[in-house]
Colleague: 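One structure, pasted below without further comment.
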Amino acid sequence: MYIYDEDKFSTRINCTEKLTSGNAPPDHTGVQVEVYFSRHRPMGAAPSVIAAHVQDELVEMGLIDDTAVNSGRVGRHMAYGPWANVIFDHGTKPALDCIWTWLEAYGLRRESDDLHPLTDWNSKPIGLVGTVAMAGRFGQWKYYWTDDCVLRGKWL
Ligand SMILES: Cc1cc2nc3c(=O)[nH]c(=O)nc-3n(C[C@H](O)[C@H](O)[C@H](O)COP(=O)(O)OP(=O)(O)OC[C@H]3O[C@@H](n4cnc5c(N)ncnc54)[C@H](O)[C@@H]3O)c2cc1C
């Protein structure tokens, strides 16, 4: 689920054991919450402090029971990733065009969709790859999901 309330840290929430069995011990649930920051939205507090706020938000939203929290039955873990999603803005296309053009001199072969955030795998023709090839969310600066990254590997 996605949380759009601006007064909350929580943005995207998964119940891990619903994705595949074995992701939580029997009779337990795993609640994974993503919290995003950028230079446009600085953190403003230590990740551990934010994690405690997020737990309170989960209680407030009814996703965990405060009696479970108070009786010590809720465990909390946190991971901080310094780089996450590519943010697209009006400068993205011209910047990518500049980089891809520069890389052509080193063997990159341009692709018809290399300035677009998405790839239509059903219609993308198998192309010739140069001696330099970009792959993945950060390599290509695309809005790629995991399956796109796998398909990109197959395409190459
Ligand atoms: C917060 C978040 C939530 C997401 N949720 C989902 C989701 O629910 N479903 C989904 O399908 N996708 C999701 N994605 C997208 C998915 O995670 C990415 O699209 C995918 O992992 C990108 O794969 P990649 O191989 O391009 O990059 P990565 O998975 O980031 O792999 C790149 C690897 O290169 C390594 N590396 C970097 N620089 C160097 C270097 N100089 N030398 C050696 N190694 C280096 C990195 O350590 C990393 O291991 C999410 C992404 C984020 C950030």
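Whatever order the structure lists them in is the order used to number ligands and atoms, beginning at 1.
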Colleague: Every pair of nitrogen or oxygen atoms between ligand 1 and the protein that is under 3.5 angstrom apart - can you list them with their distances to 0.1 Å?
Modeller:
| from | atom 1 | to | atom 2 | distance (Å) |
| --- | --- | --- | --- | --- |
| ligand 1 | 5 (N) | Arg12 | NH2 | 2.5 |
| ligand 1 | 8 (O) | Arg12 | NH2 | 3.0 |
| ligand 1 | 11 (O) | Thr146 | N | 2.9 |
| ligand 1 | 11 (O) | Thr146 | OG1 | 3.1 |
| ligand 1 | 12 (N) | Thr146 | N | 3.4 |
| ligand 1 | 12 (N) | Thr146 | OG1 | 3.2 |
| ligand 1 | 19 (O) | Arg137 | NE | 3.1 |
| ligand 1 | 19 (O) | Tyr144 | O | 2.7 |
| ligand 1 | 26 (O) | Arg137 | N | 2.8 |

Colleague: With no hydrogens and no angle check, do the side chains of Thr131 and Tyr106 hold a donor and an acceptor under 3.5 Å apart?
Modeller: no
Colleague: Under 3.5 Å, which donor-acceptor pairs do the side chains of residues 73-91 form with other protein atoms, sequence neighbours left out?
Modeller:
| from | atom 1 | to | atom 2 | distance (Å) |
| --- | --- | --- | --- | --- |
| Arg73 | NE | Ser71 | OG | 3.1 |
| Arg76 | NH1 | Gln55 | OE1 | 2.9 |
| Asn85 | OD1 | Arg137 | NH1 | 2.5 |
| Asn85 | ND2 | Tyr36 | OH | 3.4 |
| Asp89 | OD1 | Gly91 | N | 2.8 |
| Asp89 | OD1 | Thr92 | N | 3.2 |
| Asp89 | OD1 | Thr92 | OG1 | 3.2 |

Colleague: Just by distance, with hydrogens left out, do Asp148 and Trp121 show a side-chain donor and acceptor under 3.5 Å apart?
Modeller: yes
Colleague: Among residues at least two apart in sequence or on other chains, which ones pass salt bridge (Lys or Arg N to Asp or Glu O under 4.0 Å) with Glu111?
Modeller: Lys124, Arg152
Colleague: Do the side chain of Glu104 and the main chain of Arg109 share a donor and acceptor less than 3.5 angstrom apart?
Modeller: no
Colleague: Once side-chain contact (heavy atoms from CB on, under 4.5 Å) is applied, do any residues pair with Lys93, and if so which ones, sequence neighbours excluded?
Modeller: Leu115, His116
